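Right, one structure below, let's go through it.
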Amino acid sequence: MDIEQDPQSIITTRVFDAPRELVFEAWTDLQHLAQWWGPNGFTTTTRAIDVKPGGIWRFVMHGPDGVDYENQITYDEIVKPERLVYRHGGDEDVEPVRFHVTVTFEDLGGKTKLTMRAVFPSATERDRVIEKYGADKGAVQHLARLAEHLITMGQATP
């Protein structure tokens, strides 16, 4: 994780022992998203999903503290299996945290290097979500949960 490189961004990188196509599928298929999305202790309920440019994913993240967090992702770019670009946040009825995300899936010959770069409107906003929500640690947990799910998909090793 790199929060020093760019004061407006949280950049999280992880190498998965799984092919790029599988990692991309886990990130874009509702059947898989429901199994791993979010930091430790969270579960996700999807209200609607349409994974295409201009499509929206509306979901609720159920926190371990009992709080439900309405979320919305709007997909801007989908280059299967290389890159996803989306905006997190949107309508007034969702969490007030807004940021822009680029996820790249780099093929390492059977493994995948995933880089998730979340860019916030300002350094102040980035620092606020780190302090209030633990977004930096949450991003690391998010990718750890994806790694665990990939193992259950039977294509990766621990």
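In what follows, residues are counted from 1 in the order of the sequence shown. Everything numeric here is computed off the predicted structure, so don't read it as measured data.
- Shown here are the ring-ring contact (aromatic ring centres under 6.0 Å, His included) partners of Tyr75, two or more places apart in sequence or in another chain: there are none.
- A salt bridge does not link Glu125 to Arg98: none of the charged side-chain nitrogens sits closer than 4.0 Å to a carboxylate oxygen.
- Residue Ala26 comes nearest to Leu150 through the heavy atom pair CB-CD2, 4.0 Å, listed as atom of the first residue, atom of the second, then distance.
- In this structure, Asp107 has no side chain to side chain donor-acceptor pair (under 3.5 Å) partners at least two apart in sequence or on a different chain.
- When all heavy atoms are compared, the tightest approach of Gln35 to Arg145 is O-NH2, 3.8 Å.
- In this structure, CZ in Arg117 is found 11.5 Å from CD1 in Ile10, a value given to the nearest 0.5 Å.
- Nearest heavy-atom pair across Val60 and His62 is CG1-CE1, 3.5 Å.
- Of all heavy-atom pairs between Gln72 and Phe59, the closest is N-CE2, 4.5 Å.
- Relative ring orientation between Phe42 and Tyr69 is described as tilted, the plane-to-plane angle lying within the 30° to 60° band.
- Ring orientation note: the planes of Phe99 and Phe120 are tilted relative to one another, at an angle of 30° to 60°.
- In this structure, Trp37 has its ring center at least 6.0 angstrom away from the ring center of His32.
- Under the 4.5 Å side-chain heavy-atom criterion for grouping Ile, Leu, Val, Met, Phe, Trp and Tyr, Leu84 is connected to Ile49 within one hydrophobic cluster.
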